[in-house]
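Just so we're on the same page: letters track the sequence lines, and every chain starts at 1. Only a predicted model underlies this, so the values are computations on that prediction, with no experimental measurement involved.
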Protein chains: 4
Amino acid sequence: MSEKASATLSVGVIGLGYWGPNLLRVLHELPEVGALWACDVREDALVSVDRRYPSVVTTTDAQAVIASPELDAVVIATPVSTHYELALSALLAGKHVFVEKPLTASVAQAEHLIKVAADRSLTLMPGHTFLYSPPVNLIHELIASGELGEIYFISTSRVNLGLHQPDIGVAWDLGPHDFSILRYWMNELPSQISALSRSCIIDDLPDVAFINLGFPSGAIANVELSWLAPSKLRRTAVVGSKKMVVYDDTSNEPVRVFDSGVVPSAPETFGEYKLAYRSGDIVSPQVEAAEPLLLEMTDFCNAIRTGEPPRSNVQVGVDVVRICDAVDRSLRIGGAPVGLEPEGRIRLADGTPGR
Amino acid sequence: MSEKASATLSVGVIGLGYWGPNLLRVLHELPEVGALWACDVREDALVSVDRRYPSVVTTTDAQAVIASPELDAVVIATPVSTHYELALSALLAGKHVFVEKPLTASVAQAEHLIKVAADRSLTLMPGHTFLYSPPVNLIHELIASGELGEIYFISTSRVNLGLHQPDIGVAWDLGPHDFSILRYWMNELPSQISALSRSCIIDDLPDVAFINLGFPSGAIANVELSWLAPSKLRRTAVVGSKKMVVYDDTSNEPVRVFDSGVVPSAPETFGEYKLAYRSGDIVSPQVEAAEPLLLEMTDFCNAIRTGEPPRSNVQVGVDVVRICDAVDRSLRIGGAPVGLEPEGRIRLADGTPGR
Amino acid sequence: MSEKASATLSVGVIGLGYWGPNLLRVLHELPEVGALWACDVREDALVSVDRRYPSVVTTTDAQAVIASPELDAVVIATPVSTHYELALSALLAGKHVFVEKPLTASVAQAEHLIKVAADRSLTLMPGHTFLYSPPVNLIHELIASGELGEIYFISTSRVNLGLHQPDIGVAWDLGPHDFSILRYWMNELPSQISALSRSCIIDDLPDVAFINLGFPSGAIANVELSWLAPSKLRRTAVVGSKKMVVYDDTSNEPVRVFDSGVVPSAPETFGEYKLAYRSGDIVSPQVEAAEPLLLEMTDFCNAIRTGEPPRSNVQVGVDVVRICDAVDRSLRIGGAPVGLEPEGRIRLADGTPGR
Amino acid sequence: MSEKASATLSVGVIGLGYWGPNLLRVLHELPEVGALWACDVREDALVSVDRRYPSVVTTTDAQAVIASPELDAVVIATPVSTHYELALSALLAGKHVFVEKPLTASVAQAEHLIKVAADRSLTLMPGHTFLYSPPVNLIHELIASGELGEIYFISTSRVNLGLHQPDIGVAWDLGPHDFSILRYWMNELPSQISALSRSCIIDDLPDVAFINLGFPSGAIANVELSWLAPSKLRRTAVVGSKKMVVYDDTSNEPVRVFDSGVVPSAPETFGEYKLAYRSGDIVSPQVEAAEPLLLEMTDFCNAIRTGEPPRSNVQVGVDVVRICDAVDRSLRIGGAPVGLEPEGRIRLADGTPGR
């Protein structure tokens, strides 16, 4: 390895569909990254890379990337059904691995990858980009600091026309964004999950899903996901006992804090309840303008160098897959609520769920 | 009865809380209405009526209203727990009766009132005001005419800070609006209902509820209700195979029609699916500016005169109560889906549910 | 006069067009007001008053109102061209007078009315309702307290489709709202006025006007007025050296305070200027929900009782007419800037403009 | 010249401040463009180019770019005060020239460049990017086709906090966008211009300007420009006799067409005017998603190849400079209206203004 290579990381990106080109662009910008390879089975995707980034090595052969002794790390942005196999090969080839969300298509696959990576002291990182989003972090701080009070409920919509995935339903495609955010904010995992979905366009491929979640703290959440909605909507309301927040990542004012709430007076009997509604100022805090993907890739590089887990770590990755799996289990039994763990499941010896 | 009285209806309004004064105001405007009585147990509510409408007879005695031979009809806008008893007394006293939504606190109560009214050929009308809302009617026409195509799903939020009811949860308070609208638009009743709710402020009084509904046609719906949300939100999305609609009754443009959709091409094998997304014009149709409550009260007067059922008729009323009841049943068993009919229930001889 | 009459004011409202019915409604609510008369030349306007307010005396004869010994005060909501004559008659008949904005159709008329009222110790009040608007008052406080810093400029749009006036152009119809607000906020009168307008629909009746104003403090303002705009727009931006405010009286959040600004560093030479842009939080302060018209009519009653000038006093009234007059003078000379005082004008001995 | 070079254009970009990097990015994407040079006096700007586009030749010497025999064309994105000299040198060196708006800092400079380019049959193109904006073109078609009817007035705001230019005021910086759009839409030049401005932050550098324009057709326009406004605002209203349009290039729905208007009935006398207001549907037409800058640079390449004038041609360029110049002349005489031509000006023998 050249001296330059030893000072920077060499990375191969596999998959140049919707998201891969963004990963490539950001890696190309990062001073931490040296040599770059890009791989896709579609030749035309490579032509556009060749033109834009003449220094990037392009190939249609994913195994060549995985096997290349030149590369330190592999970034996987392929369809979900291929995540496990590609990530496993890469880990076995001694590569650090970043995998786009969701980490894998099953809990068992995720747990196996985690074990393999741990055994080899390699970084395995799922791509939960929203954990690097400044508004998401700002709200995390508002919750963690107690400024919102007890969290009563969270309601979130993530809908837009477009981008059916070929191999996974909308709950596995868009859901991981919200599940990773909810886990991060609530600092707990849902204990009850129920779902209703429909496959409107393609048989057995749900493109709309309504998911209800109950948390051990008592908080509840409603997650609405769709590839079929008429207008782009990213709206999350977090209602706490002291303040409430609305988050919309498409807005110029992504976080709005409502200093509003209910002020119950102590009642003697039920009928004497007097509730006052406090309606105060609304504040749109200034939010840092950093690009989440750049922060995420920087964290991946740091994790490789230091051996420390990144913010979007494997525990986040497997927890999100478990929630997706619970959604599927609820759907299979007609929408009845299920727990996060399938009944009768034996956990790995070293595995305690969540944190 | 004077000649004038015979040409107009004499009406007593019982309950001058949040909604009653609006009913009184509209009845006072209507040329079809002659003498007006107003009743509330709180003296101060009557003082304000006396000042604003010197011609209105005021009393704290609901039974005096019900018993008065001067009155043709009674309008009931009291807490839900009192609806059944007041309406029953009024019907037995030979009065036509309008009851604010929901009609009653149970299906059995609703069915009994319906029977009593039918036996006496009296008009019994529940107050589902949204059936008189011009935007709701416009969307009804868009659906009925096939302009939207097959309805894939409906998602609706009705949330705002304020107005906890003392005797019913949010599903019984705000839910009837959406349930009556869904029934009207879909022309079918939900066959599967599941719900998640929480009583954040007062024990055993749910102030947030997430309700999932499945319809025989395959359509699904998500209804989010809350008295605790940070900003007023009335947003309903109706997604059809041809067009999509967003309805917001707080907006200057309450109905927006999106000429957008998915254009699937016939695939040979799954992997060959190619979906195109059609994104066309967005139209905000001009919507009539009529006040729904005025149309509703006019329909009540017409129903009394003609004996014909009003648009917001008893079948709507009982169906909405059945959906509210199903929500409660789902909540009692931890959120599992339930049907519209409780298992083992024996229907009244003359009762066929829905339409 | 009865004892009750001596404890309350008896008021006659002349003119029941667009605004008169609102004045009547509010006067009818006020405990300070006893007997009420309403007058319009159109019989059908009176019929609707009779129905809604049976206790109000109605007449088509304005002189009967003015001459009635029963009445203490007259409220004039007729076309502007009639303001002077009606107000003068009423003052000469010993009545206190409220006149809708603008006070009169000329400065000379305004000054004469003021003199007549002063000579007789009668209250004369122009109807500049926005001086009683909670958001306008909140912004007044933000400016007066120095929170916004030096006011750099104000830009305001007041446009909507509809309501052409028959006898005055848009600058005299909508302009008084903005002129009274600007005078109130800036605590100074414009020293330079220029205007561009067009009569699109009716010859010689401007229905769109763009007005530029310069103030002695250095502040400048742009006022856009139109009866022909496609969508209702009420947007006023106040840009100060420390903070900036956007005011929209049609919004749920009528006042938004931007903690943003330019932070210049001291430069040595021009080329070395380094400007930093500070972009901070945005706050929507909670604004009191009071109805401005109710506050205005209450102030009228108080002014009559106490003899103190109301907030919307005659000096405001005449100043606004002077600005309207300056707009006309600028238009007559092709849009060149003019001062507030016509050249060669001799002021009344007791008149000092502005404050 | 190599064969490849003969098939593509070689272009040098001078100036890598705010806009230059965008021009470079787009030129780098264009298949019509081969070799690329980039030039800036600031070394650090070049470092970032080197990293991102290793194939681009970088230099701090503008004259080297202009003189290079390798290059066919020069793109100038430097401060306005340098436009004339750089463009002149480049033309004299036989290069085709693209200059960011405004073309020059004076009318005489613009006219001289035009003459030099014409004499040498070189393409000279000013960068009025908005002429390539899909929404601007859509509105152009709505106007040209008569769909809006006669244009009554246009009101436009282009304001935002930030980006003070060191050498030109806001009217020369932001104004050219609106002036080029107005000229394009109206197909005529303003005959009367008046302006009010203020230099809030830096002496003699206006950072807010209110500009009124009158057109020969009778249309009037109000242009509000500021680097100091609290929130980004791009709102243009075009009011015609048949329909009205609102254009906001920051919105997801940049063009909204209001099928609204005034319907005057023929009056006998003034007082009998009856105006009806027609309020119809609002349509947001689907707007093509093309990037204007890409279309603009493609047009530049085509103009060079074909010798045909681009849409953003020199006549647009000089007309915009004339309007900016008129704004300055109005400001110098205290805001009085001026014509497009300075009085006593002698036009070039070949020059007829506007079209």
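Most heavy-atom pairs under 4.5 Å with chain D: of the set C:Ala237, C:Ser260, C:Ser155, C:Ser194, this distinction falls to C:Ser155. Chain D forms the most heavy-atom pairs under 4.5 Å with one residue out of C:Val245, C:Leu196, C:Val159, C:Asp207, and that residue is C:Leu196. Your options are C:Ala229, C:Gly334, C:Ala336, C:Pro230, and the one with the most heavy-atom pairs under 4.5 Å with chain D is C:Pro230. Among the candidates C:Ser279, C:Ser157, C:Ala219, C:Gly214, the residue making the largest number of heavy-atom pairs closer than 4.5 Å to chain D is C:Ala219. In terms of heavy-atom pairs under 4.5 angstrom with chain C, the leader among D:Ala195, D:Ser330, D:Ser231 is D:Ser231. By number of non-hydrogen pairs under 4.5 angstrom with chain D, the leading residue of C:Tyr152, C:Phe258, C:Trp227 is C:Tyr152. Listed options D:Ile333, D:Leu213, D:Leu233, D:Val246 were ranked by heavy-atom pairs under 4.5 angstrom with chain C; first place goes to D:Leu233.
Here D:Glu224 does not pair with C:Arg235 in a salt bridge; the nearest charged N to carboxylate O distance is not below 4.0 Å.
Inter-residue side-chain proximity for C:Phe153 and D:Phe210 is flagged as met; some heavy-atom pair is nearer than 4.5 Å.
Only the backbone of C:Ala221 comes within less than 4.5 Å of a heavy atom of chain D; no side-chain atom from C-beta onward does. Of the two parts of C:Ile282, neither the backbone nor the side chain holds a non-hydrogen atom closer than 4.5 Å to a non-hydrogen atom of chain D. C:Ser241 does not touch chain D: none of its heavy atoms, backbone or side chain, sits under 4.5 Å away.
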Q) Between D:Ile220 and C:Val208, does a side chain to side chain contact (heavy atoms under 4.5 Å, CB included) hold up when you go through it step by step? A) CA-CA 9 Å; D:Ile220 63 174; C:Val208 51; 4.0 Å; yes

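Under the rule for a salt bridge (Lys or Arg N to Asp or Glu O under 4.0 Å), C:Glu85 has no partner lying at least two apart in sequence or in another chain.
Under a cut-off of 6.0 angstrom, the local environment of CG in C:Asp44 is crowded, with over 12 non-hydrogen atoms contributed by other residues, nucleotides or ligands.
Taken from CG in D:Leu228 to CE in C:Met244, the straight-line distance is 5.5 Å, to the nearest 0.5 Å.
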